[in-house]
Undergrad: 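Next up is a structure, given as structure tokens.
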2 protein chains.
Amino acid sequence: MLVRGKADRASRPNLLGDLDIPSGLSASVGISEFTYRKGQEVYSENDPAEYVYQVRKGAVRRYKLLSDGRRQIGAFHLSGDIFGLENALVHRLSAEAVVETSVRLFKRQSLENGAETDANVFHRLLSMTTKNLRHAEDHMLLLGRKSSVEKVAAFLLEMDGRLTSAGLLSLPMGRRDIADYLGLTLETVSRAVNQLQREAVLKFIGKTHREIVILDRLRLSSFDIPG
Amino acid sequence: MLVRGKADRASRPNLLGDLDIPSGLSASVGISEFTYRKGQEVYSENDPAEYVYQVRKGAVRRYKLLSDGRRQIGAFHLSGDIFGLENALVHRLSAEAVVETSVRLFKRQSLENGAETDANVFHRLLSMTTKNLRHAEDHMLLLGRKSSVEKVAAFLLEMDGRLTSAGLLSLPMGRRDIADYLGLTLETVSRAVNQLQREAVLKFIGKTHREIVILDRLRLSSFDIPG
DNA sequence: CGACGAGTTGACTTCTCTCAATGAAGGTGG
DNA sequence: CCACCTTCATTGAGAGAAGTCAACTCGTCG
């Protein structure tokens with residue numbers, strides 16, 4: 001299962017509040033760092049939820065599997081994002097590095113202790129959980145009711161909003177991951193992306209077709225039907 | 001989550017904790033009751049989230065709409081369930097009564113005040129939000145990766161676990177609602193349910209085909225592929 | 001009684017999946 | 001640097017699951 005860096009050396013509470021990263025969460029104590037190779041497992045569903053993670057660099061996919069191997073990715077976590085916070089004893093989804101990824105990690109326990117005594121800490125726990133819930137609610141609408149092109153358009157716009165590197169979308173994940181996030185097959189994702197490219201809504205930059213420039217954001221938004 | 005026995009009986013704020021209903025939440029102050037007629041709106045997406053609700057009798061659907069009318073129901077709320085808790089200023093989904101439904105309602109504000117001072121109240125807010133998140137995570141897997149029969153089987157088992165009236169499933173919602181919950185059409189739901197009936201997995205009792213007895217729970221579970 | 005809403009069923013369409021072939025990119029080891 | 005291998009993306013052809021459209025039945029309720 002999981003190998004890990006050096007982890008925790010908790011000494012006092014002082015949790016959550018000394019990071020410069022938006023919605024940052026940290027402990028000035030009890031932190032350690034770790035780097036996962038591409039494809040490496042961070043934790044598996046039902047593993048004890050011992051740590052909470054913050055992505056420093058790279059990307060993580062969190063997913064559930066059916067017993068016959070079908071996979072649903074519930075979320076991608078990019079630089080700055082926190083994941084693995086379950087408010088429970090075990091993880092409900094598995095997590096893997098999409099590319100080489102380094103994370104900060106710290107003990108869940110120290111967070112919970114902090115929450116008991118510090119309303120501020122508790123407020124952040126609630127706020128992060130609520131953010132995940134909101135994302136899940138939006139994603140249910142996408143999964144249940146959108147067409148393949150609408151799904152892909154929504155995905156590109158979501159990533160465009162999160163991977164802000166000045167006009168260039170540089171996707172860390174491949175077609176398979178996108179498909180499992182959107183409830184499609186990789187072929188259908190490929191066809192949808194290439195359809196958008198043929199229609200001059202976007203264009204590819206690199207040769208891997210993971211670097212994308214959005215040419216017509218308005219038209220792309222028109223595929224991402226508003227609620 | 002948290003088991004609740006009789007829980008604390010905090011003397012003052014006395015929020016959350018004097019109900020005998022599982023996952024009960026109440027305020028001894030600021031409570032009132034209301035009854036909605038079948039189909040009546042409780043609140044709409046983006047309405048200010050002024051109240052939190054607990055179903056006393058009946059059923060509520062919470063959903064999102066696309067601009068062209070496609071609907072995704074995110075959850076049904078049955079007797080005892082709490083809904084409308086957003087940890088935000090506005091509701092992210094709309095809510096309507098599925099059948100005639102009475103609810104307890106109380107001001108969100110009083111909850112938030114309680115949370116600031118009472119760690120116990122805060123803990124329950126977090127716990128309820130986490131419960132909703134877990135449901136949404138499971139539902140994403142269903143929406144994105146399950147076949148129509150698997151979806152219907154999972155739905156029946158979910159309802160069977162929640163509407164415990166001794167062997168008889170008495171569904172408050174119609175085929176259209178079920179379809180919009182499962183990301184299907186009502187015809188596909190009808191075909192799946194009737195397929196299960198033909199295969200002697202379940203049988204209909206009333207004439208409306210909303211009362212169902214599960215004859216072969218094991219076989220029904222086999223359609224609801226495990227994670 | 002009659003209108004309406006809900007559920008079922010059939011025929012047909014369509015969207016997405018499946019299977020398969022091909023090509024490009026990147027890594028490895030000689 | 002090159003040959004080879006693996007992985008990833010694209011594309012086409014055909015199959016299949018679910019959607020659409022429509023007809024019909026059966027309760028319910030005014």
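These numbers come from the heavy atoms of this one structure, side chains and all, not from hydrogens, waters or symmetry mates. Below, read A as the first sequence line, B as the second, and so on, with proteins coming before strands; counting in each chain starts at 1.
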Undergrad: Decide whether H91(A) and E86(A) meet the rule of one side-chain donor and one side-chain acceptor closer than 3.5 Å.
TA: yes

Undergrad: Let me know the distance between NZ of K38(A) and C1' of dA25(C), rounded to the nearest Å.
TA: 11 Å

Undergrad: Would you mind reading off the distance between M173(A) atom CE and dA9(D) atom C1', rounded to a whole angstrom?
TA: 16 Å

Undergrad: Who pairs with N46(A) by side-chain contact (heavy atoms from CB on, under 4.5 Å), at least two apart in sequence or on another chain?
TA: V90(A)

Undergrad: For F223(A), what residues pass the ring-ring contact (aromatic ring centres under 6.0 Å, His included) criterion, not counting sequence neighbours?
TA: none

Undergrad: From CD1 of I178(A) over to C1' of dC8(D), roughly how many Å is that when rounded to an integer?
TA: 12 Å

Undergrad: List the steps, then state whether salt bridge (Lys or Arg N to Asp or Glu O under 4.0 Å) holds for E158(B) with R162(B).
TA: CA-CA 6 Å; E158(B) 179 190 350; R162(B) 294 173 62 192; 2.9 Å; yes

Undergrad: Between dG27(C) atom P and E100(A) atom CD, what is the distance in whole Å?
TA: 13 Å

Undergrad: In chain order, what residues pass the side-chain contact (heavy atoms from CB on, under 4.5 Å) check against A192(A), with sequence neighbours excluded?
TA: V149(A), V152(A)

Undergrad: Under a plain distance cut-off of 3.5 Å, with no hydrogens placed, do Y43(B) and E50(B) share a side-chain donor-acceptor pair?
TA: no

Undergrad: Quick one: is H209(A) getting a side-chain N or O under 4.0 Å of the dC8(D) phosphate, OP1 or OP2?
TA: no

Undergrad: Should L196(B) and L156(B) count as side-chain neighbours, where that means a heavy-atom distance under 4.5 Å?
TA: yes

Undergrad: Using atom CZ of R70(A) as one end and atom C1' of dA17(D) as the other, report the distance to the nearest whole Å.
TA: 13 Å

Undergrad: Under 3.5 Å, which donor-acceptor pairs link side chains of residues 204-214 of chain A to any protein atom two or more places apart or in another chain?
TA:
residue : atom : partner : partner atom : Å
T208(A) : OG1  : R210(A) : N            : 3.3
R210(A) : NH1  : P172(A) : O            : 3.0

Undergrad: When you measure from the side chain of N194(B) to the backbone N and O of S190(B), does any donor-acceptor pair fall under 3.5 Å?
TA: yes

Undergrad: Could you run through nucleotides 14-23 of chain C and give me one letter per nucleotide, 5' to 3': B if any protein heavy atom sits under 4.0 Å from the base, S if only the sugar-phosphate is that close, - if neither?
TA: --SSBBB---

Undergrad: Can you sort out the partners of R219(A) under salt bridge (Lys or Arg N to Asp or Glu O under 4.0 Å), two or more places apart, ordered by chain and number?
TA: E199(A), D216(A)

Undergrad: Under the rule for side-chain contact (heavy atoms from CB on, under 4.5 Å), what residues qualify as partners of R145(A), not counting sequence neighbours?
TA: L141(A), L66(B), R70(B), Q72(B), D180(B)

Undergrad: Round to a whole Å and report the spacing from CZ of R176(B) to P of dT8(C).
TA: 14 Å

Undergrad: Parallel under 30°, tilted from 30 to 60°, perpendicular over 60°: which one fits the rings of F34(A) and Y36(A)?
TA: perpendicular

Undergrad: Output the rounded distance in Å from CZ (R210(A)) to C1' (dT10(D)).
TA: 14 Å

Undergrad: Using side-chain contact (heavy atoms from CB on, under 4.5 Å) as the criterion, list what pairs up with T130(A), not counting sequence neighbours.
TA: L126(A), R134(A), N87(B), R92(B), T129(B)

Undergrad: Once ring-ring contact (aromatic ring centres under 6.0 Å, His included) is applied, do any residues pair with F76(B), and if so which ones, sequence neighbours excluded?
TA: Y181(B)

Undergrad: Between N194(B) (CG) and dA6(C) (C1'), how many Å, whole number?
TA: 13 Å

Undergrad: Any chance you could list the contact pattern along nucleotides 23-30 of chain D? Use B for base contacts, S for sugar-phosphate-only contacts and - for none, protein heavy atoms under 4.0 Å, 5' to 3'.
TA: ----S---

Undergrad: So how far off straight is the helix from dC1(C)-dG30(D) to dG30(C)-dC1(D), going by the axes through five pairs at either end, to 10°?
TA: 40°

Undergrad: Among residues 195-206 of chain B, which contact DNA chain D at a heavy-atom distance under 4.0 Å?
TA: none

